[in-house]
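FYI, side chains are in, hydrogens and waters are out, and symmetry mates aren't considered; it's all heavy atoms of this structure. Read the numbers this way: they start at 1 and go in the same order the structure lists the ligands and their atoms.
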Amino acid sequence: MSKTPEPPALTLLTNGVREDAMTNGADPEPMSRDWNYHPDLPLADSSVFRWPPEPRFLARWLVRNWLMLSERVVMVLLAVTCWSLFYPSLDTARTFAFGWVFQVWLVNMGLMVVIAGGLHWYFYLRRGQGKALKFDRRDQARSNRLWEFSNQVYDNMFWSLGSGVVQLTLYQAVIMWMMANGYAPTIALASNPVLFVAGLVLLPIWSAFHFYWAHRLLHIPFIYKHVHSVHHRNVNIGPWSGLSMHPVEHSIYLSSLLIHCVVPSHPIHLFFHVIYLGPGAAMTHAGYEDLLIKDRRRLALGTFYHQLHHRFYECNYGNQEMPWDRWFGTFHDGSEDGTKATRARKKRMHSNI
Ligand SMILES: [Zn+2]
Ligand SMILES: [Zn+2]
């Protein structure tokens, strides 16, 4: 795939954004109406559950996600590295002590700073690929009192590190302690290699299922207003936006990890899941569709699917791999009709408050 040039305007969507397009005195209309880049629209159905099943599509999905350099492969490699080198062992986790919990927190802080910070540095400070494959035209907001410290990136770092990484660590530490003491079921890699691999493949699917329903809950108007709106101030998202949430949202979002209390898993599964939910959110919110290396797409990052959610709110609560949005009528395919339907839903949902 060749490099996407600097914009000519790709006007396929009018938008419902009420945000801060009016910054430099220029006419905001064309700026706020266009995307800098979007994939071919309407979005195709890339759910692994689409019916009837197509073996070739499923095989391609497996290869793309698991047999090439992908977000998932990167995260599993990170999980294995952290398991063998950086996180404390389950033996250590048998009794609660400040030392090893602090160690887990330190590793999680390091992962978050390196991944979110690295992506932010590459895309937004070094401008490593300019605006190629960047969905939104705008840069991250500054000098705007909507944000803590009047700065979107500082604000996002504050919520991500101050609450996100802390809660991620607490969930992880409690589950490690449960695994170490036999309160959570575990499997050994040597005796269960098939289950081990299946667990890695299935975890993101479980997480997408959990994310859809937790996210529907967060969009109940009262909860949205007091909790989820913290995340949604990010209409124009960047890597630090991914885990930037209200503390109540963190505890709901991260409860996906509780699956390890009931389904037998290996600590590597837990660590993969932790990385998937924490630093992984920085990858999916990068604001760019792919990382380009020498003009070739080398690593998939954000999806237009979730970008539409950040712009139009009441659509695309899940992700592309699960069919929930399609089944429950909340799918926005990027077309004008999708925008109209989403606006009508938003009006209905918020008319009583
Ligand atoms: Zn988001
Ligand atoms: Zn939302």
| request: Could you pull out the atom name of the N/O/S atom in H310 that is nearest the Zn ion (ligand 1)? | output: NE2
| task | Give a rough value, rounded to 10 degrees, for the angle at the Zn ion (ligand 2) between atoms NE2 of H219 and NE2 of H215. | result | 100°
| Hey, would you say the Y183 and W177 ring centroids sit under 6.0 Å apart? | yes
| said: If we count only N and O atoms by modelled type, under 3.5 Å, do the side chains of H350 and E314 hold a donor and an acceptor together? | reply: yes
| field | the Zn ion (ligand 1) contact by H309, N, O or S atom under 2.8 Å | value | no
| task | Measure from NZ or CZ of R216 to the centre of the six-membered ring of W324, then state whether that distance is under 6.0 Å and the direction lies within 45° of the axis. | result | no
| message | Under 2.8 Å from the Zn ion (ligand 1), can any N, O or S atom of H232 be found? | response | no
| field | Residue pair S241 / S244, side-chain donor-acceptor N/O under 3.5 Å | value | no
| note | Taking the Zn ion (ligand 1) as the apex, NE2 on H231 and NE2 on H306 give an angle, to 10°, of 160°
| task | Of all N, O or S atoms in H228, identify the one at the shortest distance from the Zn ion (ligand 2). | result | NE2
| Between CG of L200 and CE of M75, what distance do you get to the nearest 0.5 Å? | 12.0 Å
